[in-house]
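Some notes on the structure that comes next.
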Amino acid sequence: MKFLPRLRIKLRRLKKLAKSPLLRKLDLLHESKRKRVFQESCEAYQMQIEDEYEKASPIMQKIKLPYSTRERFLYDGTFHEAVGRVLLIAQFFAMMPVYGVTSKRPSNLQFSWRYLRTCWCLIFIASSLVDLGLSLYKVLNDPITFNSIKPIIFRACIFLVCVYSLNLARKWPKLMHYWDQIEQDLPQYQTQTEKWQMAHTIRMTMFVGMMLSFAEHLLSMLSAVNYSAYCNQSSDPIENYFLHTNDEIFYVFHYSNLLAVWGKLQNFYSTFIWNYMDIFVMIISIGLASKFRQLNDNLKKFKGMNMSPSYWSERRIQYRNICMLCDKMDNAISFITMVSFSNNLYFICVQLLRSLNNMPSIAHAVYFYFSLIFLIGRTLAVSLYSAWVHDESRLTLRYLRCVPKESWCAEVKRFSEEIASDMVALSGMKFFHLTRKLVLSVAGTIVTYELVLIQFHEDNDLWDCQQSYYF
Amino acid sequence: MTGRESKLREILHQQVADEVFTPSADIPPTKEETFEFSLAANEKHTDYAKLDLFHRAVYPIMLLAQCFAIMPLTGVWEANPKRIRFAFKSIQMMFTIIFMVFSSILTLGTLKHLLKIGVNAKNFVGLVFFACVQSACIIFIDLARHWPPVIRYWTRTEMVFTRPPYEIPKTNLASRIRLAALIIIAMSIGEHALYLTSAIISYTKRRHICALTDNRTSSVVTFDAYMEENYSYVFQIVPYSPFIAVYVLLINGICTFIWNYMDLFIMMISKGLAYRFEQISTRIRKLESEQMIPESTFIEIREHYVKMCEILERVDNVMSSLILLSCVNNLYFVCYQLLNVFNKLRWPINYVYFWYSLLYLIGRCAFVFLTAAAINDESKSALGILRRVSTRSWCVEVERLIFQMTTQTVALSGKKFYFLTRRLLFGMAGTIVTYELVLLQFDEPNRRKGLLPLCA
């Protein structure tokens, strides 16, 4: 009957009429139920899309592309390009002298002992070693207390970080090349806004960190000027100021303008490097977490769908690659992480203890509380950003549990078991892993130490003129 | 044909005639019937008022909270959660903003007063109380902004739990939540009443005694004198008048309610989530007696479990700040109250109030924590049964479900820093004891002084 369509249709209608009204009603209900199920699932699907759009759009609306030229627009979302300018700024302050950080490809990165920036770095290391020596000499000649070793710890940390970053600069080209290799393999970003997200976060972190540390440095200078006017050791206010802030130099040598300028420059660079330690760890964490997020975003698009084993195999290998990258970067920077965390812990404890005393003047009180809040805020920011790497790596498990029964295979099983049992996080020389739990335990440790140290606190005048004024 | 037809007719009429599909039938309907004839139930509008939903269980308490200027949402009393809206230009929002303005006056007054007389660990508690209440108000406004999509998603997803094969337990969700809320509200009203009684009686007695020894002070106790002395920090900023005094008392009462409502809200949400996990566990437990369990059952159970985990994660994102604030609040107040345990108080009413408020505080904290930890406990309670599934019924889905239950922490969290489990309660108790032992040492010299002179 296939060549007589009209007749077929008429006959079909006749067949329907042959059924009893009840069965016809049931047929209708079946049809409407099927339609409703379809509509509902469509509705559910629509609502899911709407939901995701709702969630995604506030974030997307916030990030505007900062450049409108074609060259800038061609950024492909690589870490090397995102971090180029930040590393360049650091190189002015004698940190990580690698040539070619702002180039497009990491193959242009080079390290050599004969470049100007490397020589500048070596000069700075030598000068900070001299400063550290002078500081040690001064402190050892006076009675040692919990507060008086502050300048030594500060300068020793700066010196260690500088030496280590020179070492890191030698390994940097290879590291970036490896990173680039793994990055090219990951599922590509879909939109320009997505590509810019990581670079935007990195640059904002650097900008905000530098602005706040600059503000803190200005306030410290203001407060020092105020204080040196109070403890005047000579008639010239400028000489007073330098005698006060760089007292370890003038403990051994006589006052001269050249030494004062050297001391001031040393001070300025040390403050930058002290802040840059934390910002560097934050930037590496942002880079690693963004790679995990790139993978997670792709898995989210295919959430709950039936994908082939080759898809899962590919994703598993990419995840493993990012974990290995995380491990390599961790080996490279864990010394800096460790120094930064210990430094922050010590300074928070000391400053909290100092806050119990009376402040000599309002300028000093403003500066003190601003620097304390900045210190605590910066420590919190570093901890939270580095814990983000661990959190983002665990998020993948959430998408794996939605895999339907039909496409569950050995690959997915292996993938989910790997994620559940592995600890993917930055660490401090493998002593502790940077997760959110650590933030809580560090806070608890600080409170415990404070409660004990308060007992040993004597309410003597910590702001006397003999104290080495650091901040 | 006719026999089958008449049977079909009967069944169709029965389904169409029923208003509501009763969930707890003695004999569960067979799969065929539910598949083909549940479409009759779908023909009707879903009557949300009669279903065992979270939204219906908590709406009276949320309405009560709106009278106390917390969580300004419109349309909470409607049965359908689609009608809940948050709008900045609503009566509830205006009420909340007016309350926040007044309570910030109180906060500023306390701050100014403290800066004048010097801050120490004892008098800091007033400022902490007001600061917590203000932050809670702001967090609740933010929560109200995110609440409509969350409750719609929650209701949509939990509809599957209102139908067979899920049964309603002996006590349903609404009765559980309302009973617990009633207990907490009654006890907090008792505590506030005792506080007022203790303050008034102390003041009256003090007036009488000081009037006997010192001829200057009168023994007449008036409302104005009482308010001016006890709330002096407010009347330093604002001039005194009886209306303002009444407002101050009202604001104080609302602040106390909000302080309790933080914990109450967390308790309600925890009960709502734990209830669903309990239903899943009960369903798994019923499977123990069966011989051959088809794989489709396990697929369905796992799917529902994953849906519940997703609701939990979504609710957790919205509630994390509140949980963090509540934990910090509770920790501080418990430590503070425990510090005063060895203090000498003047009159018996003071002792009664102190011990009642201490026990109430500790009881409320423990209750909220245990309720929140129940989510974690319920999600893992079916593990034992799953592990005993017979080899004939074993399939990949069982393995996946066991893997998920063991590796994931299914619990509310405080911004993902810590998860509310039983272990946390134990750890917090240990921390509190440690801090108390250290802080009690500091307080030793103050306590040795004993009672301060009565009339200044």
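So you know, we letter chains A, B, ... as the sequences are listed, proteins then strands, and number each from 1.
At a 4.5 Å heavy-atom cutoff, the contact between B:Gln408 and chain A is made by side-chain atoms alone. With a 4.5 Å cut-off on non-hydrogen atoms, A:Ser421 does not touch chain B at all. Neither the backbone nor the side chain of A:Thr435 comes within contact range of chain B; no heavy atom of the residue lies under 4.5 Å from a heavy atom of that chain. For B:Lys307, no part lies near chain A; criterion is any non-hydrogen pair under 4.5 Å. Of the atoms belonging to B:Cys309, heavy atoms from both backbone and side chain fall under 4.5 Å from chain A. In this structure, chain B has heavy atoms under 4.5 Å from both the backbone and the side chain of A:Val403. Looking at B:Phe403, only its side chain comes within 4.5 Å of chain A, counting heavy atoms on both sides.
Around OH of A:Tyr449, the count of heavy atoms belonging to other residues, nucleotides or ligands within 6.0 Å does not exceed 12. Under a cut-off of 6.0 angstrom, the local environment of CD1 in A:Ile362 is sparse, with at most 12 non-hydrogen atoms contributed by other residues, nucleotides or ligands.
Note: B:Glu313 leads B:Glu313, B:Glu310, B:Glu303 in heavy-atom pairs under 4.5 Å with chain A. When A:Arg401, A:Lys437, A:Lys405 are compared by the number of non-hydrogen pairs under 4.5 Å with chain B, A:Arg401 comes out ahead.
Taking the centre of each ring, A:Tyr399 and A:Phe302 stay at or above the 6.0 Å mark.
In this structure, A:Leu400 and B:Arg400 approach most closely via the heavy-atom pair O-NH2, 3.5 Å.
A distance-only check finds no donor-acceptor pair linking the side chain of B:Thr162 to the backbone of B:Glu158 [under 3.5 Å].
Ring orientation note: the planes of B:Phe86 and B:Phe88 are nearly perpendicular, at an angle over 60° on the 30°/60° scale.
Of the inter-residue distances, the one linking A:Ile446 atom CD1 with A:Ile348 atom CD1 reads 4.5 Å to the nearest 0.5 angstrom.
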